[in-house]
Amino acid sequence: MLEPYVRPGIDDRPDLDKALSPEDKAAVARLAIKDRRRPPEASADQPEAQTVRLAAAGSSAAAAAAASVDTPAPDMSSAYLDMRDPMVAADGQRPTTGQVSRLNWGFFAASILVGAPWIALNTIAMPNAVARLFGYDTAALQVTINPATGRPLPVATDLAMPLAVLVIVGVVASMFAMPLISALSDRTRTPLGRRTPWMVAGGVLCALLTLLLGQNTGIVVLCIFWALMQFAYAMLSAPLASAISERVPDKFRPRIERWHGIGVMLGQALGVCMGAFGVMFDSFTPFTYTAVLFAVSGILSVLILPKEPSSIEQPRQLFNSDQVLDQLRPPAHAPAFARVFTARTCMMTGVGLTGVFLWYLVRFWVYGKAVVFTSAPLTLPAGFLIAGMAAATLVGAALASWAAGPISESIEEKNIPTTRVVAGACLLYAIGLGLAWGLGVWSTGTARENGMLLFALISGFAFGIYDSLGLELVMDSLPDPRRAGHDLGIYALANSAGLALAAIIGALLVNAFEHSFGYYLLFPSAIVMVLLAGIVTLTAESAQ
């Protein structure tokens with residue numbers, strides 16, 4: 001009987017499943033190449049994303065991003081540290097010339113569209129909504145004057161505490177909203193990408209909640225909706241910040257981040273003007289067009305930017321609550337970082353003492369008396385003054401962003417410690433506060449208006465210098481470059497801590513005194529906190 005032909009090396013190969021022992025199979029498995037796709041870096045660990053969030057924190061901190069001071073975050077994943085192409089973004093895309101232009105103008109427009117309505121809500125609309133809940137309808141035309149003081153009745157010192165409660169609720173909610181939305185956005189797998197669905201949905205949800213916030217409800221309901229608003233705004237702002245670090249190649253990132261900072265500055269000024277002019281007509285008017293702007297902000301931003309690549313092939317990642325809580329844990333054994341964090345908290349407390357209560361300061365302190373030459377005495381002059389302050393702050397911040405570069409080069413040439421210049425910026429901010437306070441207390445006529453305008457101009461410049469040059473101190477104080485993104489996120493919490501402290505201190509001061517005298521005390525208390533920030537900053541020099 002003929003045997004079938006056996007092809008050498010083909011038919012006579014042994015069955016490895018039967019020929020190899022379990023130990024041999026384990027040894028072969030150890031030598032095999034495992035082609036497992038690595039998940040992309042979490043946005044909480046991206047230093048560039050945290051820097052963008054810090055610049056868009058709702059203050060003139062954007063001057064630091066718009067300035068020409070070279071203080072890059074220590075990004076260990078930068079293409080400049082290895083052989084990767086700096087023209088390729090972190091998501092693997094190589095944008096064309098036209099797409100780079102769309103990225104530039106898209107993030108510039110997005111910073112305005114997202115920031116303007118948020119500033120309008122925080123600065124004017126929400127304080128005015130709290131006043132309306134407690135019977136102070138600032139859009140009313142009739143004013144009852146107290147003959148003993150010559151000021152309107154009732155005196156609005158009892159508004160500070162409910163506004164402080166609202167601010168603290170928002171601060172606590174935002175502290176958990178940002179890390180939670182960041183973690184969920186990182187794990188999104190859709191054909192539209194990771195960030196696009198969140199931005200569109202966040203804008204629409206912000207619009208719906210804004211309309212609800214404008215209704216006549218109780219303070220408890222208002223606090224609940226305001227807490228939900230923090231999560232909705234995080235859905236809009238957190239993915240936007242992450243998109244800059246993921247979609248912009250290292251080659252073009254400085255230019256695009258600079259234009260993003262300019263957009264944030266313009267958006268802040270526009271937002272204050274929107275709230276100030278809107279409240280002149282009706283208490284609900286700012287909420288109406290703010291909701292419209294929120295609704296279109298996410299959609300227009302997505303349409304202007306190039307299409308985001310699909311994230312369906314991204315590896316699945318299980319959600320772990322520890323990854324969210326880890327973003328709230330400060331670095332251990334980092335005394336230099338603790339000092340700059342403390343200084344930032346004190347500075348933001350001083351800034352917040354006038355910023356949180358700005359609408360009440362202007363309305364019930366600067367214009368405490370009825371204005372008889374206008375048909376809307378309680379809103380027109382206050383609205384125009386706040387709009388003028390917004391313009392003055394923008395001019396000051398723009399001057400700071402222009403001057404920060406030459407100042408940085410000059411102090412480097414003369415070997416002057418940066419801490420002294422940053423402390424000098426704190427002193428300059430305190431001088432602006434002192435001018436507004438002095439002109440308001442010991443002067444009459446238009447002195448209070450001029451004092452507030454001078455304060456806005458000086459504070460915009462001083463805080464811009466503080467942020468632009470203070471960023472160098474922050475980068476030098478980071479304990480571990482490999483955890484720069486996490487630590488910068490912790491540093492950004494100083495803004496929230498300062499805002500909460502400002503709300504508490506301001507409410508206690510205003511409620512402790514009758515009439516509008518409590519508003520006088522906001523300025524000296526702010527001066528103390530700002531000077532304390534400068535002193536803490538100087539201690540960093542002695543510790544080096």
Side-chain angles (χ1 to χ4, degrees), residues 47 50-74 257-258 261 264-265 331 334-352 355 393 396-412 416-432 458-479 484 487-499 526 529-544:
Q50 300 301 329
T51 304
V52 172
R53 291 177 188 173
L54 186 63
S59 63
S60 55
S68 57
V69 180
D70 187 19
T71 54
E257 287 184 352
R258 184 172 296 115
V264 170
M265 293 167 55
F337 181 83
R339 276 190 289 270
V340 297
F341 182 90
T342 304
R344 177 76 176 189
T345 302
C346 294
M347 186 66 179
M348 294 308 298
T349 302
V351 172
T393 303
L399 290 175
S401 65
W402 171 77
I407 292 176
S408 178
E409 295 176 359
S410 176
I411 63 177
E412 186 177 355
I416 300 175
T418 307
T419 53
R420 298 183 184 180
V421 181
V422 175
C426 296
L427 178 61
L428 182 60
Y429 196 102
I431 292 174
I458 295 174
S459 64
F461 178 81
F463 196 65
I465 295 296
Y466 172 86
D467 259 338
S468 299
L469 300 182
L471 197 58
E472 298 182 11
L473 303 179
V474 178
M475 298 306 175
D476 293 338
S477 68
L478 296 178
D487 295 341
L488 285 174
I490 296 296
Y491 178 75
L493 293 179
N495 295 336
S496 302
L499 190 63
M529 296 306 300
V530 169
L531 292 179
L532 184 59
I535 294 173
V536 175
T537 302
L538 287 176
T539 60
E541 176 186 352
S542 60
Q544 290 176 352

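- Using a 4.5 Å heavy-atom threshold, the side chains of Asp467 and Arg344 count as touching.
- Smallest separation of non-hydrogen atoms from Gly460 and Ala400: O-CB, 4.4 Å.
- Separation of atoms CZ (Phe337) and OG1 (Thr342) is listed at 9.5 Å; rounding is to 0.5 Å.
- Residues satisfying the side chain to side chain contact (heavy atoms under 4.5 Å, CB included) criterion with Ile407, sequence neighbours excluded, are Ala403, Ile411, Val421, Ile465, Leu469.
- For the atom pair CG (Leu499) and CG (Leu493), the distance works out to 12.5 Å, reported to the nearest 0.5 Å.
- Summarising the geometry, atom OG belonging to Ser410 is positioned 6.0 Å from atom CD1 belonging to Ile416; distances are rounded to the nearest 0.5 Å.
- With rounding to the nearest 0.5 Å, the separation of OH in Tyr466 from CG in Leu473 is 8.5 Å.
- In this structure, CG on Asn495 lies 11.5 Å from CE on Met347, to the nearest 0.5 angstrom.
- In this structure the side chain of Glu412 never reaches within 4.5 angstrom of the side chain of Thr418, judged on heavy atoms.
- When every heavy atom of Ala423 is checked against every heavy atom of Gly534, the shortest pair comes out as CB-O, 3.7 Å.
- The closest side-chain heavy-atom distance from Tyr491 to Leu478 is not below 4.5 Å.
- Of all non-hydrogen atoms in Cys426 and Val530, the two that sit nearest each other are O-CG1, 3.0 Å.
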Trace of the side chain to side chain contact (heavy atoms under 4.5 Å, CB included) decision for Arg339 with Ser477:
CA-CA 9 Å; Arg339 276 190 289 270; Ser477 68; over 6 Å; no

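- A distance of 12.0 Å separates CD1 in Ile458 from CG in Leu399, rounded to the nearest 0.5 Å.
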Report the C-alpha separation of Tyr429 and Val351 in whole Å, then their side-chain angles, then the decisive distance to 0.1 Å, and conclude whether the side chain to side chain contact (heavy atoms under 4.5 Å, CB included) test is met.
CA-CA 9 Å; Tyr429 196 102; Val351 172; 3.5 Å; yes

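- In terms of heavy atoms, Ala494 sits closest to Thr345 at CB-OG1, 3.5 Å.
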